Amino acid sequence: MIFNFLNEVMFSIIRQEARWNEMKKLLLITTGGTIASSPSDEGLIPALNSQELLSILGLREEHIQLDCEDLLNLDSSNMQPEEWKLIARRIYEVYADYDGIILTHGTDTMAYTASALSFMLHNLPIPVILTGSQLPLLHPLSDGVDNIRLAFAAAQCALHGVYICFNRKLMLGTRAVKVRTMNFDAFESVNAQPIGIVDARGLHIYEKDAISLKGKCELYDDLCEDVYLMKLTPGMNPEILDVLANMNYRGIVIEAFGSGGIHFIRRDLISKLEEIVAKGISVVVCSQCLYENSDFSIYQTGQKVLRHGVIQGYDMTSEACLTKLMWALGQTADPQTVKEIFATNYVNEITLK
Ligand code: ASP
């Protein structure tokens with residue numbers, strides 16, 4: 001199936017020309033979200049299945065063989081590690097049969113799902129493109145039409161791994177963050193240029209920034225759910241970390257101040273972190289600033305933290321830090337190995353020094 005004008009949209013996909021006329025086999029997996037929602041007495045709820053979505057989009061068959069699968073029908077606020085595993089396993093089961101997969105998903109937690117899938121599915125040889133919309137597809141002015149069209153175009157490109165496309169941008173799954181609640185430009189690619197943009201010349205893919213294959217496709221679907229993401233606030237009581245330790249949390253991500261600051265006068269969070277790390281809990285620090293790098297070696301407050309074995313998240317998004325730590329602790333119980341995992345760039349999620 002293909003959109004009426006998809007051939008025109010596709011004509012300027014850089015360096016993909018030879019592939020345009022090849023028959024492509026794509027899979028559309030739906031999981032709910034606003035894109036599939038309709039009004040109810042209790043507000044918008046996911047309701048439409050893939051066939052209903054496709055009928056609104058008005059597709060016709062040409063150059064694309066499309067299979068559809070309605071995997072979930074959830075508001076993405078209800079997407080949790082169990083759902084990430086279900087999606088990852090399904091993609092792993094079927095990826096070899098397709099040239100690309102489009103996954104429709106609610107926007108609210110799409111960045112978490114995309115990051116989690118990026119770590120669970122190594123060396124995916126095809127593109128998996130997540131998309132959704134701010135306004136339901138049933139609405140005549142929905143942004144979902146453009147978003148799905150781009151997702152279909154991107155899913156036919158020679159890309160590998162997990163991406164989010166939204167508002168004419170194609171972004172790495174581990175770099176996209178939802179930054180706007182209402183505007184159609186809901187996602188930004190944080191600390192990495194978008195991999196693709198659409199303009200008057202069509203879709204441009206910047207292949208050098210895309211995910212590269214490093215080996216055989218593997219599924220690593222163990223995740224540790226006992227990971228907490230905490231935003232540091234001035235005056236925060238360090239004993240909050242004891243509460244997490246007593247609840248058996250195994251990992252903590254702290255969004256610290258600026259390029260890398262944590263308080264230690266009066267309320268000595270740094271000594272508390274030393275205690276927590278000594279208990280075998282892995283602590284990752286990143287910045288509560290959305291953009292640019294965190295570097296805990298710049299200030300005394302940051303250096304003290306690093307001396308206690310805390311791991312740097314550098315320029316990773318909070319979503320990527322959280323899901324990488326869940327994934328790392330799913331693979332190993334050894335804090336040293338968790339550190340090594342964080343010192344590894346898997347899918348361009350981190351800029352290491
Ligand atoms: N609450 C919706 C969801 O995340 C929002 C959306 O899809 O835009 O499922």
Side-chain angles (χ1 to χ4, degrees), residues 28-57 68-88 90-91 101-118 120 128-152 154-155 162-190 194 223 225 229 290 317-320 322-323 326:
L28 170 66
I29 300 179
T30 64
T31 71
T34 293
I35 194 161
S37 286
S38 67
S40 79
D41 293 346
E42 296 182 320
L44 289 176
I45 48 166
L48 306 185
N49 62 28
S50 51
Q51 292 308 326
E52 290 164 322
L53 290 178
L54 290 172
S55 70
I56 297 170
L57 288 162
C68 298
E69 194 169 316
D70 298 310
L71 189 60
L72 294 164
N73 212 0
L74 292 175
D75 185 296
S76 77
S77 309
N78 277 317
M79 287 277 184
Q80 297 171 46
E82 292 80 358
E83 283 73 31
W84 302 339
K85 289 181 199 177
L86 177 77
I87 297 169
R90 190 63 193 138
I91 291 171
I101 296 176
I102 299 116
L103 187 86
T104 56
H105 192 290
T107 61
D108 290 344
T109 66
M110 191 188 291
Y112 290 95
T113 301
S115 272
L117 294 178
S118 302
M120 287 192 278
V128 170
I129 314 290
L130 278 73
T131 197
S133 68
Q134 294 278 69
L135 197 54
L137 207 55
L138 279 175
H139 193 288
L141 299 177
S142 174
D143 52 328
V145 179
D146 274 357
N147 291 342
I148 292 207
R149 283 174 173 162
L150 176 53
F152 270 77
V162 180
Y163 297 86
I164 287 181
C165 86
F166 220 88
N167 199 42
R168 303 187 178 181
K169 283 181 290 202
L170 180 65
M171 297 158 271
L172 290 168
T174 50
R175 294 289 193 169
V177 175
K178 185 171 181 185
V179 294
R180 294 184 187 87
T181 57
M182 298 291 167
N183 196 293
F184 286 172
D185 199 9
F187 286 84
E188 294 287 348
S189 182
V190 170
L223 293 173
E225 285 133 38
L229 169 61
L290 183 58
T317 67
S318 299
E319 289 85 342
L322 178 86
T323 53
M326 289 172 121

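Position 1 is the first residue of the sequence, and the numbers go up from there. Counting starts at 1 for both ligands and their atoms, following the listed order. Because the structure is a prediction, the values reported are computed rather than measured.
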### Residues Arg175 and Glu188 bridged, charged N to O under 4.0 Å
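So Arg175 does not pair with Glu188 through a salt bridge.
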### Task
Salt-bridge test for Asp185 and Arg168: reply yes if a basic N is under 4.0 Å from a carboxylate O, no otherwise.
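So Asp185 does not pair with Arg168 through a salt bridge.
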#### Entry: Set of residues that line ligand 1, where lining means a heavy atom lies under 4.0 Å from it
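Within 4.0 Å of ligand 1, the protein residues are Gly33, Thr34, Asp75, Ser76, Gly106, Thr107, Asp108, Ser133, Gln134.
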### Task
State which residues pass salt bridge (Lys or Arg N to Asp or Glu O under 4.0 Å) with Asp75; sequence neighbours excluded, sorted by chain then number.
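Not a single residue meets the salt bridge (Lys or Arg N to Asp or Glu O under 4.0 Å) criterion with Asp75.
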### Any residue meeting ring-ring contact (aromatic ring centres under 6.0 Å, His included) with Tyr112, in chain and number order, not counting sequence neighbours
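Scan of Tyr112 (ring-ring contact (aromatic ring centres under 6.0 Å, His included), adjacent residues dropped) gives none.
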### Message
With side-chain hydrogen bond (donor to acceptor under 3.5 Å, both in side chains) as the rule and sequence neighbours excluded, what pairs involving residues 28-46 come up?
### Response
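Listed once each, the pairs are Thr30-Asp70.
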### Message
side-chain hydrogen bond (donor to acceptor under 3.5 Å, both in side chains) for Thr113 and His105? Distances and angles first, verdict last.
### Response
CA-CA 9 Å; Thr113 301; His105 192 290; 2.8 Å; yes
